[in-house]
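Atoms within each ligand, like the ligands themselves, are counted from 1 in listed order.
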Amino acid sequence: MFELISKNLLAPAVWRYTVKAPEIAAKRRAGNFVIVRPKEGSERIPLTIVSSDPQAGTIDIIFQVVGATTMDLSETDGILDIVGPLGHPTHIEKFGRAAVVGGGVGIAPLLPIAEALKQAGNNLTAILGARSSEFLILEEEMAAISDGLLIATDDGSQGQKGLVTDVLQPLLEQGALDFVLAVGPVVMMKAVSELTRPYRVKTMVSLNPLMIDGTGMCGVCRCRVDGQTRFACVDGPEFDGHQVDFGSLSRRLSMYKAEENKRREARN
Ligand code: NAD
Ligand code: FES
């Protein structure tokens, strides 16, 4: 059992947990994730490591309560299994003018990547989007490490009214970016990739398919990238957004919706 050190509600149904996991904290790098099983009978879900403190031996994870497993996680005082760190760390280099684009809970995995891009000497713009102000997370942390912070909310309650792509477009038109990394809903990552494509701005996205083992054995996390089958857990989770087949990713993500709904209803 992994001890829960602290539990903070960041936004409606969005939790930040600090968990004692010394071996993972010592090895983790930006972009790594863990696979978590909250308790006996729960599914296994991948969650990006948002931060770690190797001295204290802790890692932070952020999740949104959407189904039975995340409900289990939100109610637990300790986590049964945590496997990691998994996945390739983010490829970081000095691209020049870099933008990180985060949508909703996707802002959580973006934070360590943004930190690493800034540390590598990039001029960093953070573009954060949420349905409304109350769903916007990690704004202060992003502001502290960015050269510019731009916010979009669907309802205009904070920052510009609109989507992250509405904020990104003028920067692309001005030729102000050399690199973009986007994390959020699949439709958002697809829209960002389509937007940057004609400007030939390198664009990476972090994919979030279903996962079971996280070691390349079960095949559940397979995705189509550049016409080839890739496993997000061992080949990713980050891929070139201009090569990802987002349609097949969306279909695979909704494959077990009926079973997920049944399990959630059984819990209510
Ligand atoms: P949401 O649906 O509220 O969207 C957040 C923001 O994304 C919006 O405010 C908007 O700015 C942008 N967006 C959404 N649709 C868009 C579109 N069609 N075009 C352009 N921009 C668009 O987000 P949520 O409810 O917080 O859900 C978060 C999603 O992120 C979930 O689907 C979750 O699975 C996913 N997620 C992905 C990762 C990952 O690693 N890729 C990690 C965590 C969460
Ligand atoms: Fe099993 Fe990736 S989660 S192969």
Side-chain angles (χ1 to χ4, degrees), residues 10-16 31-35 43-50 61-67 69-70 83-84 86-88 90 100-113 126-138 150-169 180-196 204-223 229-239 241 244 246 249-250 252-254 257 260:
L10 300 185
V14 178
W15 288 94
R16 181 174 190 151
N32 283 146
F33 65 93
V34 286
I35 289 191
E43 304 282 331
R44 296 154 63 85
I45 50 166
L47 292 170
T48 299
I49 305 168
V50 176
I61 50 174
I62 292 179
F63 65 95
Q64 183 176 33
V65 180
V66 283
T69 305
T70 43
V83 180
L86 298 168
H88 283 293
T90 305
V100 288
V101 184
V105 196
I107 296 169
L110 202 59
L111 181 63
I113 298 170
I127 301 174
L128 309 183
R131 266 170 280 158
S132 69
S133 175
E134 64 173 334
F135 291 103
L136 190 66
I137 61 168
L138 302 177
L150 301 168
I151 289 172
T153 49
D154 300 11
D155 64 359
S157 53
Q158 195 173 341
Q160 181 175 325
K161 185 175 191 312
L163 305 174
V164 286
T165 39
D166 298 320
V167 175
L168 178 62
Q169 178 140 27
V180 170
L181 194 146
V183 191
V186 175
V187 284
M188 184 210 94
M189 295 190 286
K190 179 170 190 252
V192 168
S193 302
E194 289 311 321
L195 193 60
T196 58
M204 298 298 285
V205 293
S206 179
L207 303 189
N208 59 331
L210 302 174
M211 289 192 189
I212 294 182
D213 66 332
T215 62
M217 302 290 285
C218 71
V220 165
C221 69
R222 65 185 177 275
C223 305
T229 298
R230 308 293 299 275
F231 293 154
C233 68
V234 287
D235 299 324
E238 286 153 28
F239 293 100
V244 169
F246 289 102
L249 176 63
S250 292
R252 287 189 62 78
L253 276 169
S254 56
K257 274 278 176 283
E260 280 171 24

How about Q158 and T153: does a side-chain donor come under 3.5 Å of a side-chain acceptor?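 Checked: Q158/T153 side chains show no N/O donor-acceptor pair below 3.5 Å.
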
Could you identify the single nearest non-hydrogen protein atom to [atom] and state the distance to 0.1 Å?
atom	value
atom 33 (C) of ligand 1	N208 ND2, 3.9 Å
atom 15 (N) of ligand 1	V187 CG2, 3.6 Å
atom 12 (C) of ligand 1	M188 CG, 3.7 Å
atom 3 (O) of ligand 1	R131 NE, 2.9 Å
atom 23 (O) of ligand 1	P185 CG, 3.6 Å
atom 5 (C) of ligand 1	G104 N, 3.3 Å
atom 10 (C) of ligand 1	L163 CD2, 3.7 Å

Quick one: does V164 get an N or O within less than 3.5 Å of an N or O on ligand 1?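 Yes, there is a polar N/O contact under 3.5 Å.
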
V105 to ligand 1: N or O pair under 3.5 Å?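 Looking only at distances, the answer is yes, because the N/O contact criterion of under 3.5 Å is met.
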
For M217, which part has a heavy atom under 4.0 Å from ligand 2: side chain, backbone, both, or neither?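 The answer is the backbone.
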
Just let me know how T215 lines up against ligand 2, side chain, backbone, both or neither, with a heavy-atom cut-off below 4.0 Å.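 For T215, there is no contact with ligand 2 at all, from either part.
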
With heavy-atom distances below 4.0 Å as the criterion, list the atoms of ligand 2 near [X].
X	result
G214	1 (Fe), 3 (S)
G219	1 (Fe), 4 (S)
C218	1 (Fe), 3 (S), 4 (S)
M211	3 (S)
I212	3 (S)
G216	4 (S)

Region of D154 engaging ligand 1 - heavy atom pairs below 4.0 Å: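 Only the side chain of D154 comes within reach of ligand 1.
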
Report the part of P109 in contact with ligand 1, treating N, CA, C, O as backbone and CB onward as side chain, heavy atoms under 4.0 Å; options are side chain, backbone, both, neither.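 The answer is the side chain.
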
Are K190 and ligand 1 in contact, using a heavy-atom cut-off of under 4.0 Å?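 It does not; every heavy atom stays at 4.0 Å or beyond.
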
Please confirm whether A152 comes under 4.0 Å of ligand 1, counting heavy atoms of the residue only.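 It does not, in that no heavy atom of A152 comes within the 4.0 Å cut-off of ligand 1.
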
Using a strict cut-off of 4.0 Å, indicate which atoms of ligand 1 neighbour a heavy atom of [X].
X	value
A130	9 (O)
A191	19 (N), 20 (C)
S206	39 (C), 40 (O), 41 (N)
M189	41 (N)
V183	38 (C), 39 (C), 40 (O), 41 (N)
T165	20 (C)

Angle subtended at atom 2 (Fe) of ligand 2 by SG of C221 and SG of C233, to 10 degrees?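 Output for this angle: 100°, rounded to tens.
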
With side-chain contact (heavy atoms from CB on, under 4.5 Å) as the test, would you mind laying out the steps for V192 and T165 before giving the verdict? CA-CA 6 Å; V192 168; T165 39; 4.0 Å; yes

Kindly identify the option in V220, V234, D213 whose heavy atom sits closest to atom 3 (S) of ligand 2.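 Ranked by closest heavy atom to atom 3 (S) of ligand 2, first place is D213.
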
